[in-house]
Amino acid sequence: MLSLIMKSDGQRERVFPMASKQMTIGRDVGCDLHIPLPEVSDTHCRISSEETKGPDIQPVLECLDDRNGTMINGVRVNQAVLKNDDIVQIGPVVFYVSISDSADGRTFEIHREDQQPSAGR
């Protein structure tokens with residue numbers, strides 16, 4: 001299963017799991033992931049799960065916004081296969097991609113070089 005993880009300064013991470021074979025992201029309240037910011041288009045992008053040969057399913061991100069665009073790992077894309085630990089930027093919002101690594105639903109952990117250990121944890 002694919003999840004998008006949003007981390008904000010001073011806030012806990014928010015996890016947005018992809019509950020079906022397609023997820024729309026945008027400013028419109030009808031989108032699966034609603035981002036109410038002016039830099040985000042009504043329907044900014046779509047993630048679809050495409051079955052490949054064998055049991056693997058590959059999530060594909062398709063940018064639907066020609067003006068503002070969508071970035072993956074700092075590169076503007078029209079369409080791309082998402083991989084674990086990819087960084088997706090939609091307007092000013094940044095998400096980290098987490099993809100299940102096994103049938104039991106365990107997910108990879110996100111490790112960032114800029115993370116500082118928290119006192120008291």
Side-chain angles (χ1 to χ4, degrees):
M1 175 190 351
L2 176 134
S3 294
L4 296 177
I5 302 170
M6 182 174 69
K7 295 185 181 188
S8 302
D9 293 334
Q11 297 180 4
R12 300 182 101 187
E13 66 185 30
R14 295 179 65 189
V15 179
F16 302 95
M18 187 169 159
S20 64
K21 291 189 178 209
Q22 182 173 291
M23 173 192 276
T24 55
I25 303 169
R27 193 174 61 224
D28 189 273
V29 294
C31 288
D32 300 307
L33 178 49
H34 176 227
I35 305 173
L37 297 173
E39 301 91 345
V40 177
S41 296
D42 288 342
T43 307
H44 198 96
C45 63
R46 172 179 41 236
I47 300 173
S48 303
S49 295
E50 293 187 3
E51 292 186 32
T52 58
K53 293 180 181 178
D56 294 334
I57 294 177
Q58 294 192 324
V60 175
L61 182 140
E62 178 184 1
C63 181
L64 304 172
D65 176 16
D66 291 336
R67 188 185 65 202
N68 295 316
T70 303
M71 308 277 277
I72 297 178
N73 301 322
V75 177
R76 187 176 173 145
V77 298
N78 290 324
Q79 185 173 7
V81 174
L82 293 174
K83 295 177 182 60
N84 195 62
D85 290 333
D86 277 348
I87 299 170
V88 176
Q89 184 172 352
I90 300 167
V93 182
V94 175
F95 296 97
Y96 298 87
V97 175
S98 176
I99 300 175
S100 295
D101 62 349
S102 69
D104 67 3
R106 291 179 296 125
T107 57
F108 290 101
E109 292 182 35
I110 302 286
H111 296 285
R112 293 183 49 203
E113 294 176 11
D114 62 343
Q115 283 181 326
Q116 297 295 321
S118 299
R121 282 198 174 177

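Numbers here are sequence positions counted from 1.
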A.B. asks: So which pairs with a foot in residues 28-37 pass side-chain hydrogen bond (donor to acceptor under 3.5 Å, both in side chains), sequence neighbours left out?
C.D. replies: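 Only Thr24-Asp32 qualify under side-chain hydrogen bond (donor to acceptor under 3.5 Å, both in side chains).
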
A.B. asks: Please say whether more than 12 non-hydrogen atoms of neighbouring residues, nucleotides or ligands are located less than 6.0 Å from CG in Asn73.
C.D. replies: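 Counting other residues, nucleotides and ligands, CG of Asn73 exceeds 12 neighbours.
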
A.B. asks: Using every non-hydrogen atom in the two residues, find where Cys31 and Gly26 come nearest and quote the distance to one decimal.
C.D. replies: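 In terms of heavy atoms, the two residues are closest at SG-N, 3.6 Å.
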
A.B. asks: Between the main-chain N or O of Glu39 and the side-chain N or O of Asn68, is there a donor-acceptor pair closer than 3.5 Å?
C.D. replies: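 Answer holds: yes.
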
A.B. asks: Near Arg14 CZ, under 6.0 Å, is it more than 12 heavy atoms from other residues, nucleotides or ligands?
C.D. replies: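 No, because the 6.0 Å sphere around CZ of Arg14 holds 12 heavy atoms or fewer from other groups.
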
A.B. asks: Do Lys83 and Val97 have side chains that approach each other closer than 4.5 Å (heavy atoms only, starting at C-beta)?
C.D. replies: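 Of all side-chain heavy-atom pairs linking Val97 with Lys83, none is under 4.5 Å.
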
A.B. asks: Enter the distance from Leu82:CG to Met18:CE here, rounded to the nearest 0.5 Å.
C.D. replies: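 Reported value, rounded in 0.5 Å steps: 9.0 Å.
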
A.B. asks: So which atom in Ser3 and which in Pro17 form the shortest heavy-atom distance, rounded to 0.1 Å?
C.D. replies: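 The pair with the smallest heavy-atom distance is OG-CA, 3.6 Å.
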
A.B. asks: For Leu64, give me all partners under side-chain contact (heavy atoms from CB on, under 4.5 Å), at least two apart in sequence or on another chain.
C.D. replies: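 Here the qualifying residues are Thr43, Arg46, Glu62.
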
A.B. asks: State, with a plain yes or no, whether a side-chain heavy atom of Phe95 is found less than 4.5 Å away from one of Ile5.
C.D. replies: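 No. Closest side-chain heavy atoms not under 4.5 Å.
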
A.B. asks: Within this structure, what is the OG-CD1 distance for the pair Ser41 and Ile35, rounded to the nearest 0.5 Å?
C.D. replies: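 Those atoms lie 10.5 Å apart.
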
A.B. asks: Could you measure the distance from the CG atom of Asp66 to the CG atom of Asn78? Nearest 0.5 Å is fine.
C.D. replies: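 Spacing of CG (Asp66) from CG (Asn78) equals 7.5 Å.
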
A.B. asks: Where do Val60 and Gln79 come nearest, in terms of heavy atoms and distance?
C.D. replies: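 Distance-wise, the nearest heavy atoms are CG1-NE2, 3.3 Å.
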
A.B. asks: Could I get the full list of salt bridge (charged side-chain N to carboxylate O under 4.0 Å, His left out) partners for Asp42, not counting sequence neighbours?
C.D. replies: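 With sequence neighbours excluded, Asp42 shows a salt bridge (charged side-chain N to carboxylate O under 4.0 Å, His left out) to Arg27, given in chain and number order.
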
A.B. asks: Supply the atom-to-atom distance Cys63 SG to Ile25 CD1, rounded to the nearest 0.5 angstrom.
C.D. replies: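 One gets 10.5 Å once the value is rounded to the nearest 0.5 Å.
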
A.B. asks: Return the minimal non-hydrogen interatomic distance between Gly69 and His44, and the atom names on each side.
C.D. replies: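 Closest pair (atom of Gly69, atom of His44, distance): O-NE2, 2.8 Å.
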
A.B. asks: Got Thr70 and Asp65 here, is their nearest side-chain heavy-atom distance under 4.5 Å?
C.D. replies: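 Answer no - side chains too far apart.
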
A.B. asks: Would Met71 and Phe16 show up in the same hydrophobic cluster when neighbours are defined by side-chain heavy atoms closer than 4.5 Å?
C.D. replies: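 They do not share one cluster, since no chain of ILVMFWY contacts under 4.5 Å joins Met71 to Phe16.
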
A.B. asks: Identify the residue among Ile90, Val93, Val15, Ile47 that makes a side-chain contact (heavy atoms from CB on, under 4.5 Å) with Leu4.
C.D. replies: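 Testing Leu4 for a side-chain contact (heavy atoms from CB on, under 4.5 Å) against Ile90, Val93, Val15, Ile47 leaves exactly one candidate, Ile47.
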
A.B. asks: Do Asn84 and Ser98 have side chains that get closer than 4.5 Å, going by heavy atoms?
C.D. replies: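 Asn84 vs Ser98: side chains touch.
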
